[in-house]
Structures are given as C-alpha cells and as structure tokens.
Amino acid sequence: MAILVDKNTRLLVQGITGREGEFHTTQMLDYGTQVVAGVTPGKGGMTACDGRVPVFDTAREAVDETGANASVVYVPARFAAEAILEAADAGIAVVVCITEGIPVVDMIRVRNYIKPLGTRLVGPNCPGLLTPGEAKVGIMPGHIAAPGPVGLVSRSGTLTYEVVYALTARGLGQTTCVGIGGDPIIGTRFIDCLELFEADPKTERVVLIGEIGGNDEEIAARYIAAHMTKPVVAFIAGRTAPPGKRMGHAGAIIEGGEGTAAGKIAALEAVGVRVAEHPEQIADLIASE
Amino acid sequence: MKLHEYQSKRIFAQYGVPIPDGDVATTAAEARAVAGRLGGTVVVKSQVLVGGRGKAGGIKLAHSPDEAGQVAERILALEIKGLPVRKVLVDQAADIRQEIYLGIVIDRAVSKPVMMASSEGGVEIEEVARVNPEAIKKVHVDPFIGLRGYQTRWLAKGIGLDPALQRSFDQIARGLYQAFIESDASLAEINPLVVTGAGNLLAVDGKMVLDDNGLYRHPDLAKKRDIDEETPTEREAREAGLSYIQLDGEIGCMVNGAGLAMATMDITKHFGGSPANFLDIGGGAQADRVATALRLILADPNVKAVLFNIFGGITRCDEVAKGILTALDEVKPQVPLVARLVGTNEKEGRQILAASDYHLITATTLAEAAQKAVAAAHGELEA
C-alpha cells in the first residue's frame with residue numbers, strides 16, 4: 001500500500017517532448033513507473049524517449065487510448081495552468097504539477113475549477129511523488145529512497161531528499177514521499193496527506209517538513225491533535241529567515257508577523273509533535289518513535 | 001514586487017477609486033510648484049517601501065507652497081529604516097471625518113482572494129487583528145463570480161458605514177478587486193479610506209504588492225520596480241536567475257534548493273554562527289552559475305567563511321565539484337571554505353575537490369559541515 005501513486009498507476013506526461021519532460025520521463029521509466037502516454041500539442045502520432053512512449057495532441061485522446069489515470073506536468077509556467085485544466089477535464093484523478101512560477105491568480109482559478117471535478121492536484125512548484133519500489137512521478141531521485149513504513153510530506157525539494165536519504169541510510173524506508181510544493185496556492189496540503197497516511201495501513205510513522213509562510217503547519221497541528229493516531233515528527237525550515245522577504249519559494253514569506261517558524265514549531269509542539277532542531281535529527285526522532 | 005503609494009493610488013484611480021489630487025516631486029522646488037497648483041493645505045509624503053513613515057517624520061502637512069517646499073526639503077534628506085527618500089508625493093490634504101480600512105489579499109487556506117474592511121482605518125491591519133479582531137469584516141471572493149453587491153453591503157454594514165455612502169463604497173470595493181486581479185497583485189490596500197467632511201469617500205493612502213510570477217503579463221508595471229527594494233547584490237542575483245537575500249551574519253551559504261538553503265542558514269545559527277545570506281543556486285548547478293553565486297557571496301565584506309551544502313539528486317555531485325573549482329579559479333576567495341557534497345556521485349565529487357590545489361574543508365553530515373563553518377568563521381579552524 002501507498003498513497004496517491006503505486007505500481008498500478010498509469011501515467012500521462014504533459015510536456016513530454018520538452019527538455020525537462022523527456023529527461024525526467026526517461027528517469028521515471030527506468031525506475032519502473034508505468035508511463036503510458038505523453039501530450040505535446042502538435043506532436044500527436046510521434047513517440048518520445050526512444051520510442052518508449054506514444055505522444056498525443058490532447059490529454060483526452062491520451063486518456064481514451066491508454067487509460068491513463070494520473071498525469072505529471074512539465075509544461076512552462078505560462079501554459080501550465082491550462083495543462084492542469086486539460087488533465088482535470090480529461091478525467092485524470094491525480095495531477096502532479098512540477099512547474100514553478102505559475103501566477104497566483106491563475107492558480108486560484110485552477111484550484112477552484114478542478115475542486116468539484118474530484119481531481120486531486122499535487123503542487124505546483126513541487127518535486128512530485130515517490131512510492132519506493134513502485135512509482136516515481138516527478139523529479140525526486142529514486143535511488144535515495146527505499147520501501148518501508150514512513151510516510152513523508154514536505155513543502156520543499158532538496159530538503160526532502162536530504163531527509164529521505166538520512167531515513168534510508170538508517171534503514172527507515174518510506175511508503176510514499178510527497179512534495180506538496182512551495183507556492184501560496186497548492187492543490188494538496190499537509191492535512192490532505194496526513195489523512196491519507198493515517199488511512200494507509202502500511203504507513204506507521206509520518207514526517208512533516210514545513211517552512212515559513214502561511215499557516216498550513218498550524219492547521220496541520222490542529223488536525224494531528226484531532227485525528228492522527230500515528231506518530232508525527234516535524235521539521236520547520238526558516239528559523240533565521242527575515243520578515244518580508246521571499247525565501248526562494250513564492251509561498252515562503254513572513255508577512256505581518258504571520259508564518260514564522262517559531263509560531264509553527266510552537267503550534268506543533270503544543271499538540272505533542274516532536275520538532276527536529278536540524279534535518280538530520282529527523283531520522284533520530286523517527287527511529288525512536 | 002512592492003509598489004509605492006503614488007503608483008498604487010494611480011492604479012486604483014484607473015479603476016474608479018477616488019484619490020486626492022496631487023503629484024510626485026523629487027526636489028523642494030517641484031514640491032513647491034505642485035503645492036502652488038493644488039492651493040490650500042497639502043500633505044507631503046515620503047515615498048519609501050516601508051511602513052511607519054509617519055512616525056519617522058516622513059509625512060507632514062504644509063499650509064503654503066513655500067512651507068511645502070521647506071517640508072519636502074527636510075523629508076527628501078531623510079533615511080527611513082535604512083531607505084533614502086528619493087521622492088515625495090504632494091497631495092491635497094483631506095478633511096477627515098472618519099478613517100476606515102479596505103484591503104484584499106489571498107487566503108491560502110481557502111484558495112480565494114479575501115476582502116477585508118475595518119472601522120479602524122489608519123492603523124496597520126495586523127495590529128487591528130491582534131488587538132480588536134472583531135472590528136475586521138471579511139468576505140471571500142469567488143474567482144468566477146467576482147465580488148458581488150451583497151458582499152460589499154455586508155462589509156459596509158459590518159463596519160458601521162453611513163448607509164448614504166454604500167453606493168460609493170461598493171464602487172470602490174469593486175474597483176479595488178478589479179485592480180487586484182488585473183494587476184496580478186498579492187495585496188491591494190486602501191488605508192485609510194477616508195469619509196471627508198463633505199461626506200465623500202477618498203482613498204488617502206494606498207499600497208500594492210505584485211506577484212512576481214505574474215509580472216511577465218505587465219511589462220509596464222515591471223518597469224516600476226524601485227531600486228531600493230533590493231540591494232545591488234540581490235538585483236544582480238535576480239538578473240542572473242539566482243535566488244539571493246542578504247543577511248547580516250558571517251557565514252556565506254551556497255545551497256541547491258530553497259528549503260535546504262533555509263535549513264542550512266538555521267543550522268549555522270544552531271551551532272553558534274550566523275548566516276550572511278540565503279542563496280539557492282537551483283538545479284543543475286552549472287559552473288558559471290556557481291561562480292556568479294560565489295562572487296556575490298564574497299562581495300559581502302562580513303563573510304568570514306563559506307559553506308557549500310549540495311544535495312545531489314538529479315544534480316550530480318561531481319558536476320557541482322567541477323563547478324566549484326571553476327568558480328574558485330575565477331574568484332580566488334581569501335576566506336575558508338567548507339564543502340559538503342552528498343547524494344548522487346558524492347565520492348567522485350569529493351575526490352575532485354580533494355585532488356585540487358584548493359584547501360577545502362570537507363564534511364559528510366550537515367551538522368558537521370555547519371560546525372566546521374562556524375569554527376572556521378571564528379578563526380578556530382585552519383583550512
């Protein structure tokens with residue numbers, strides 16, 4: 001078991017013929033992910049990744065022809081919002097958007113449009129999903145992970161890899177690693193993943209990696225207190241971040257005294273979540289849970 | 001990207017929001033001329049991208065053109081929270097009967113814009129939220145339906161606005177919402193929105209923050225970026241596609257990935273040091289980007305040591321190691337360097353660094369790297 005993607009996932013790659021799209025599709029195929037189709041408007045009928053993946057002009061054709069049920073978006077920022085809408089309208093259940101730099105106003109429309117369609121969006125501006133040994137959807141390096149009992153959800157990219165690497169090195173494998181993304185408007189938030197991990201029988205412990213900006217970690221803390229039976233260990237990046245400055249991610253900013261690391265850490269500790277002082281300590285804390 | 005008060009108010013005015021008559025001036029003589037044209041009492045307001053201008057002496061009334069000139073001269077000589085005042089706005093002074101607040105931001109938790117109104121205008125909304133949260137009324141705006149009349153009526157009623165002003169308030173609120181959406185803003189605020197002695201609404205002060213990701217659609221707005229919003233180094237970094245923020249510590253940090261960059265800053269502090277910067281070199285980490293990044297870090301005279309923290313995922317550590325060496329050839333740093341390369345091809349990466357003529361201090365864990373960087377910055381560790 002895992003959450004969101006597994007060995008039965010039939011993946012569609014949007015923007016498959018772009019440089020990023022083709023490179024990462026090859027990586028996903030080599031990992032064993034079932035990549036069944038790609039979409040690039042105007043390139044229908046061609047193949048990508050040395051003939052391994054058929055390309056379609058539209059997501060709808062790709063779904064009709066191949067039964068794709070998940071998609072990953074590598075389309076440039078100006079066209080990515082449209083790609084998400086196209087996937088949702090084609091009936092795709094899980095859409096993972098890697099693209100960084102989509103305007104917030106576009107994402108507000110996308111988020112509100114796809115909600116009633118029942119499509120789950122992960123991202124944008126995220127590294128994607130990795131269910132070790134089964135499926136890799138996005139850009140996470142597959143070889144640092146291993147199957148095991150830890151569920152991991154994070155707003156970051158390389159910081160996630162760092163933690164996964166440390167967990168794997170200590171023999172603590174993962175059910176699924178989820179990068180939810182660093183933008184202000186994202187499709188899947190901490191509480192959505194906590195709910196999925198709580199329901200997943202294979203997940204025994206959960207790692208939550210947050211950062212400054214917004215109040216998703218505070219909302220997660222309330223959720224953990226009310227609904228989680230499985231232990232959660234957390235880390236919050238940005239204790240030394242100054243207010244009013246965007247720290248790389250569009251959503252990582254302290255505004256009007258809101259979104260500080262101190263506030264998030266206090267909220268999590270208040271509900272009994274242990275918060276690591278630095279990333280490597282997460283593996284220690286998880287090992288002792 | 002932040003806009004100045006005068007820029008924000010001019011945008012609002014294009015959407016039918018009434019603003020005071022006025023103009024910007026960069027010299028005392030210009031300010032005197034604007035005041036002369038306006039006649040009567042004027043208010044001279046420093047245009048800097050920080051709050052608390054009034055307390056810092058950056059907003060003054062003047063009762064004649066000569067006085068406006070004198071006041072402008074004094075304000076133009078000010079530095080407010082480290083920012084020089086380069087421009088003043090000279091506005092006709094308003095006859096203020098009541099001050100209210102009207103603003104719009106994005107509610108991340110609901111994924112919709114939220115419009116907020118408060119009867120306590122002229123104070124920062126965060127302060128009102130802390131002290132008297134009941135004074136703030138909020139409505140979420142559906143992106144497909146837009147802001148509706150019943151919503152603005154509810155806001156107006158909620159803050160106790162004179163019913164005679166409801167129509168005007170509705171127009172201003174809708175104008176502000178349109179300005180927000182069509183400018184790709186993340187914040188648009190009128191504070192205060194004033195009820196004048198004559199019983200009209202007037203946007204006396206305004207503020208806008210634009211979403212950098214939406215700027216490509218607004219080349220005219222992108223040109224308005226104030227040079228004082230970022231340091232020269234931050235500007236150079238942005239133009240080079242690097243994400244860099246200058247801090248006041250002594251350990252320069254070069255990291256791939258924003259979250260890991262923050263965690264690296266935090267861990268230097270945890271071990272008794274302080275970070276000199278936030279820097280995300282992004283994925284790939286080609287040699288020229290690494291070199292530019294290193295040059296920017298070393299341009300800061302406070303930097304006493306540099307910490308490279310690279311997690312190789314898709315990025316390979318051997319490539320990054322080569323990038324670091326190329327950068328060192330070009331930049332020739334005089335401070336100790338600590339390098340930690342982990343992940344894909346880490347062994348090859350470390351070998352490349354070890355075989356070079358440069359004496360890099362190496363570490364395997366992040367904790368070890370941070371401790372070594374702190375010790376090196378404090379002169380307790382030789383390369």
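So you know, we letter chains A, B, ... as the sequences are listed, proteins then strands, and number each from 1.
Heavy atoms of A:Pro184 lying under 4.5 Å from chain B belong to its backbone as well as its side chain. For a residue to count as touching a neighbouring chain, one of its non-hydrogen atoms must lie under 4.5 Å from one of that chain's; by this rule B:Ile106 touches chain A with the side chain only. Heavy atoms of A:Ile185 lying under 4.5 Å from chain B belong exclusively to its side chain. When heavy atoms are compared at a cutoff of 4.5 Å, B:Leu366 approaches chain A by way of both its backbone and its side chain. Contacts of A:Ile102 with chain B are made by backbone atoms alone, with heavy-atom separations under 4.5 Å and no side-chain atom involved.
The minimum heavy-atom distance linking B:Ala263 with A:Pro279 is given by the pair CB-CG, 3.9 Å. Contact detail for B:Ala258 and A:Gly248: the closest heavy-atom pair is CB-CA, 4.0 Å.
Expressed to the nearest 0.5 Å, how far CD1 of A:Ile144 lies from CZ of B:Phe311 amounts to 4.5 Å.
Scanning for side-chain contact (heavy atoms from CB on, under 4.5 Å) contacts around B:Ala188 gives B:Phe12, B:Ile104, B:Leu176, B:Phe180, B:Met208, with sequence neighbours left out.
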Determine which donor-acceptor pairs between chain A and chain B fall under 3.5 Å and list them with their distances.
unit_1	atom_1	unit_2	atom_2	d
A:Val104	N	B:Asp211	OD2	2.7
A:Asp106	OD1	B:Arg217	NH1	3.2
A:Asp106	OD1	B:Arg217	NH2	3.0
A:Asp106	OD2	B:Arg217	NH1	3.1
A:Asn112	ND2	B:Ser111	O	2.9
A:His143	NE2	B:Thr344	OG1	3.0
A:Thr158	OG1	B:Asn256	O	2.6
A:Glu162	OE1	B:Arg340	NH1	3.0
A:Glu162	OE2	B:Arg340	NH1	3.0
A:Glu162	OE2	B:Arg340	NH2	2.5
A:Tyr165	OH	B:Glu346	OE1	2.8
A:Arg189	NH1	B:Ala109	O	3.3
A:Gly238	N	B:Asp266	OD2	2.7
A:Arg239	N	B:Asp266	OD1	3.1
A:Arg239	N	B:Asp266	OD2	3.0
A:Thr240	N	B:Asp266	OD1	3.0
A:Thr240	OG1	B:Asp266	OD1	2.8
A:Lys245	NZ	B:Glu234	OE1	3.3
A:Gly251	O	B:Arg108	NH1	3.2
A:Gly251	O	B:Arg108	NH2	2.5
A:Glu277	OE1	B:His270	ND1	3.4
A:Glu280	OE1	B:Leu366	N	3.4
A:Glu280	OE1	B:Ala367	N	2.9
A:Glu280	OE2	B:Leu366	N	2.4

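For the set A:Gly213, A:Gly182, A:Ala250, the entry with the most heavy-atom pairs within less than 4.5 Å of chain B is A:Gly213.
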